[in-house]
Structure formats: structure tokens, C-alpha cells
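Heads up: the structure comes next, in C-alpha cells.
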Amino acid sequence: MLDIRLIREQPETVREGLTRVGADPSMVDQALALDGRRRELDTEAASLRAERNAGSKRIGGIKDPAERDAYRAEMRALGDRIGEIEKALTGVEEDQRQLLLTIPNLPLPEVPYGVDDRENVVVRTVGEPRTFDFEPKPHWEIGAQLDILDIERGVKLSGSRFYVLKGAGAALQRALIALMLDLHTGQHGYTEIYPPAVVREECLVGTGNLPKFGDNLYRDIEDDLWLAPTAEVPVTNLHREEILDGAQLPIRYVAYSPCFRRERMSAGRDVRGIKRGHQFDKVEMVKLCTPETSREELDSLVNDAEDVCRALAIPYRVVQMCTGDLSFVAAIKFDLELWAPACGPEGGEWLEVSSCACFTDFQARRASIRYRPEPGAKPAFVHTLNGSGLALPRTLIAVLENYQNEDGSVTIPGALRPYMGGRERITRAEAL
RNA sequence: GGAGAGAUGGCUGAGUGGUCGAAAGCGGCCGCCUGCUAAGCGGUUGUAGGGGUGUUAAGCCCUUACCCCGGGUUCGAAUCCCGGUCUCUCCGCCA
């Protein structure tokens, strides 16, 4: 949510920002109209209430019964009038809130301009894609032959976009999760969190998934709860409606969690393999920090995520989103993409395994997450950031496809071996 | 699922139609004192909106709202009434 004062005082800046991300700048004018009306009603209601408060205090002092009754009637009429104005005010306030909840965040000035994902900028590419002296197979073939990935039975259980990991496949995913958590907690200073996978509506409003993107979420109508599409939601909301001590910032959390997405908007996309499922696991990093440090915290966040790619020794690249490809909430965003040699339409493909973004105070304002810069100082909104570290299915794809051997076996990356009982390979025999 | 209790400021915890944004204590902050020092004294200390002054600053002034949420009664509600939500305790069930 943008600060209404920013819209009021620098409308042109906001219009420019909205235009840069491809949003409708006239939302600024709608917001200003509502804001003007809101303040008008607020001022009027406040002054009438002041009048009534003063009047009510005097009532006890009036001796003459007739005079007192008349005065009472007067106050009652005043009260009715206040009631009407308050009703109008409540309506305008709600309209304004709803509008503000649908206005996207503004991009940082450094974000390159672009209309859509074709104008994203590759910042750096690390590692050389392996050259194969045989035809590399896509992961769904590798997984089926090793009997570690069962897509058909996943569909039987739960429908399309579900799958089952079996034997060494399940163990490999578990090893990846453990590696990531150990790396981020042990070397990068994150505190591990195990959050609920099911959250209240306010949490999703806080992170910006609602009200605009509810169609990508699973919902339990009976208890009015939602399945979290990412650990970002519960973890960012840990400090919702709190005022943190400035001295405890930055806060860095890392959480492993299942994620649930309807993917209705992606019908027909990425249908083969396990690249895009309704349920997947992810290790997610979340940071809360002061506005002064958020930019450098983003760089270190990206680096922390890259560390996983480096540990796995798989080629990857860092891509900066242009203004047109920022999410609704992000002010600046970098994606990490792992190389997968065989699962794309024409062979090799870069797989998005992490989105690292700074949301400035956009989420913090929605979720009311504040901090006190100094003892006794006024509370201010924190900046929030998050990034995957990493998303499991696609990382699994990259491991299987990059480390496959001609005989159909898969070599286990060195960093994962301690988590798999020292094993070096997954073969058909071992999987069974 | 059954029964009961409760929801007040950063925390603990009073309050009961107006003089209550709310006692007291703790914690925080500022200052003072001090050869009894893991102490003492004094002051101060919630959040948000609007208006005014000010350089669209800091600061200051005025005002309104907020004692879980939403309605109602009343000239006036933290306080009374109704509805809801949440939390806790006990019983049952259960990984």
C-alpha cells in the first residue's frame, strides 16, 4: 500500500511510477478525490463531536428542567447529524482503503524500464553449461526410469499438476531442503522458522496476495482460511501489527514450507514434468530491516540464494526484472535461474528457482509492521524483503538433468552426499 | 464436540454511565543526587486521523477517534444491552 500522503503531496511522482510499471496512473486521481472528500468529512465530524462533547459536559449544570430538556433535544439532533456524517465518512474511508489496496508498489529509480519480461536484464551468468556426449534426457524420463518420480500416480491421487517422489527422489528433495536450511542458518545468519501452511485472510492482504490475486489461492470456506502460496506469507506476518525495537533489526528468517497454488492463469503452461505444480516445497528467506539498509540487504539476499546454486555446482544466472515485469508488491526484483539442459521446448532452459525482491514499506504498511528507530522516537514502517532459497521442484529438476549419466543414473552433487548417507549415485537398483 | 472463564496502554493489573486516554506497579526516556551503588529522588513516557503555525523540516498548539470487533440504549459508554471473533481452563477425541 502506498502512503496516501505521498500520493497527496507528490502525485506526479506517483503517476510516473505507476506508468513505468504499466499500471493506470489515473488511480492517483481517484485516490486524491476520495482523500479530499474523506478529510472534509473527517474535519466536519470532529468539530461537531467537539461541540457535542462540550455540550454534554454542561448538561449536568443546567438547573431548570425545561431548559435542560430543550438542551438535550438540541444535543440529540446534533448527535443524529454526527451519525449521518460518520456513516458517509466510513463509506469513503472504506472506498479509499479498497482503492489503495489495488495500487501496485512504485519501482526504485534504478530499475530498468521495460514493458514486459522480454526486457529483463541478465546481470551475470555463473558457470558453464555442461557439454554432453550423449543426448541429455528431461527429468520426467530420468525420474521414471529410475522409479523415483511418479507423475501418473500423482495425477491418480490428486489430479493434474501433482506428482509423487519415491525412494531416492524423495530423499534427494529432503537432502536439498536440509542443505539449504543448514546453509542459511549456519553461514548466513538466518533464524529457522516452521510456519503454519494455512493462514487467515489478513496475512494475505498484508503480503499483497489479496485482494487482487485470490484466484491463485486455495481456500477453506468452512473455516475461512487460506493455504499459503509461499512461506513469505506467514513469515512476513509474524510481526504484523507490532512495533519492533530498532535494535533488533535486521531480522532474518528462513523457513521451509509446502506451497499451494491454483495456477489457473497458467493453464496449458509448463504441463510436462514437475516444473509447475499445485503443491511444491520451498525454502524461503524473509528479512525485515530499516529503510536505510534494505538495498544492501537485497544484495546479500541474492548472494545467499546464489550460494545454494554454487554449492550445487550448477550453472545459473541472475536476471533483473524490468519495471514492466515487477510483481504487484516489488520495488526491485532479481530472479535466479538454474540451467536445466533438457526440459525446455527446444532442449536447454533457464529455470526460475528464486525471486529476490525488496518491497520497501509496501507490505509493512499493509501489515502494519513498524519499528522504533530510537527509544522514544516515533514508530516507522520497516522494509520487507524475501527470496526463495530455493524452490525445490525446479532445483530437483536441475540436479537430475545436469548430473545425469549416459547409463540413466544420476550422480549426487558432492554437497548433498552428507545428507544422503554418503551415497554418490542414484541408480535403478538403488532406487528400488 | 460438551462446560466454564476472560479480552484494558510495551508488560502486569485497577476501573464502572460524565470530572477516564484511563489508577498503581514494572519497563523505557530525561535530569538530579550519591564514598552504604545490580541503590535513591524528581520529571516524563500509547497509537492514529484532521486542523493551525512553521521552509510541504524539526518543534509547538488545537481537536477527534481508539479500553477485542460490530450494532444498540443515552445529551454522554471502557463502563449498560445484543451479536460476533479470539484466547484460556476442564472434560471428550486424537498424531
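Numbers restart at 1 for each chain; the letters A, B, ... are given by sequence-line order, proteins then strands. Quantities reported herein were computed from a predicted structural model and do not represent experimental measurements.
Using a 4.0 Å cut-off between charged nitrogen and carboxylate oxygen, A:Arg81 and A:Glu84 do not count as a salt-bridge pair. Look at A:Arg310 and A:Asp307 and you find a salt bridge, because one of the NZ, NE, NH1 or NH2 atoms lies within 4.0 Å of a carboxylate O, short of that distance. Taking a cutoff of 4.0 Å between a charged side-chain nitrogen and a carboxylate oxygen, A:Asp215 and A:Arg262 do not qualify as a salt bridge. With respect to the salt-bridge test (charged N to carboxylate O, under 4.0 angstrom), the residues A:Arg97 and A:Glu94 qualify. The pair A:Arg76-A:Asp80 fails the salt-bridge criterion, with no side-chain N (NZ, NE, NH1 or NH2) lying under 4.0 Å from an Asp/Glu carboxylate O.
Base pairing of B:G6 is made with B:C86, judged by Watson-Crick or G-U wobble geometry with both donor-acceptor distances under 3.5 Å. When both pairing distances are held under 3.5 Å, B:A78 makes no Watson-Crick or G-U pair with any nucleotide shown. Taking a pair to require two hydrogen-bonding distances under 3.5 Å in either a Watson-Crick or a G-U wobble arrangement, B:A65 pairs with B:U47. Nucleotide B:G21 has no partner under the Watson-Crick or G-U criteria, as no pair reaches both atom distances under 3.5 Å. Shown here, B:A58 forms no base pair; nothing in the strands shown gives a Watson-Crick or G-U wobble contact with both key distances under 3.5 Å. When both pairing distances are held under 3.5 Å, B:G1 makes a Watson-Crick or G-U pair with B:C91. B:C33 is unpaired under the Watson-Crick or G-U wobble criterion, no partner having all donor-acceptor distances under 3.5 Å.
Regarding A:Glu242, its CD atom lies at a distance of 14 Å from the C1' atom of B:C11, rounded to whole Å. If you measure from atom CG of A:Leu78 to atom P of B:U74, you get 16 Å, rounded to the nearest angstrom. The separation between A:Glu202 atom CD and B:C86 atom C1' is 11 Å, rounded to whole Å. For the pair A:Glu12 CD and B:U56 C1', the interatomic distance rounds to 16 Å; values are reported in whole Å.
B:G43 and B:A48 have their C1' atoms separated by 26 Å, given to the nearest Å. Nucleotides B:C67 and B:C80 are separated by 14 Å at their P atoms, to the nearest Å. Taking atom C1' on both nucleotides, B:C41 is separated from B:C33 by 7 Å, rounded to a whole Å. Rounded to a whole angstrom, the distance from the C1' atom of B:C69 to that of B:C60 is 36 Å.
Residues from residues 13-20 of chain A that place a heavy atom under 4.0 Å from any atom of RNA chain B: there are none. Within residues 82-96 of chain A, no residue has any heavy atom closer than 4.0 Å to RNA chain B.
Taking every side-chain heavy atom of A:Ala46 into account, B:U64 is the closest of B:U64, B:A48, B:G50. Side-chain proximity of A:Pro379 to the nucleotides B:C86, B:U47, B:G50 is greatest for B:U47. Of the listed nucleotides (B:U56, B:G51, B:G49), B:U56 has the atom at the smallest distance from the side chain of A:Glu9. Side chain of A:Arg200, nearest nucleotide from B:U64, B:U87, B:G51: B:U87.
Taking every heavy atom of both residues into account, A:Asn216 and A:Glu263 meet most closely at OD1-N, 2.7 Å. Pairing each heavy atom of A:Ala175 with each of A:Met420, the nearest pair is CB-CG, 3.6 Å.
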Scan nucleotides 75-84 of chain B against the protein and return all N/O pairs shorter than 3.5 Å with their distances rounded to 0.1 Å.
from: B:C75; atom 1: OP2; to: A:Arg76; atom 2: NE; distance (Å): 3.4
from: B:C75; atom 1: OP2; to: A:Arg76; atom 2: NH2; distance (Å): 2.5
from: B:C75; atom 1: O2'; to: A:Ser56; atom 2: OG; distance (Å): 3.3
from: B:G76; atom 1: O4'; to: A:Ser56; atom 2: OG; distance (Å): 3.4

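Put simply, A:Arg39 has a side-chain N or O that comes within less than 4.0 Å of OP1 or OP2 on B:G51. One finds no side-chain N or O of A:Arg58 lying less than 4.0 angstrom from the OP1 or OP2 phosphate oxygen of B:G18. Applying the 4.0 Å criterion to OP1 and OP2 of B:U63, one finds that A:Arg49 has every side-chain N and O outside that range. Dashed line: the shortest gap from a side-chain N or O of A:Arg5 to OP1 or OP2 of B:G49 is under 4.0 Å.
Checked by atom type, the side-chain pair A:Gln363/A:Glu232 shows a donor-acceptor distance below 3.5 Å.
In terms of modelled atom types and a separation under 3.5 Å, the side chain of A:Arg261 and the main chain of A:Pro229 share a donor-acceptor contact. Looking only at distances, a side-chain donor or acceptor of A:Asn120 sits under 3.5 Å from a matching main-chain atom of A:Cys322.
Residues A:Ser47 and A:Asp35 both approach RNA chain B. Their nearest nucleotides, taken by heavy-atom distance, put A:Asp35 toward the 5′ side.
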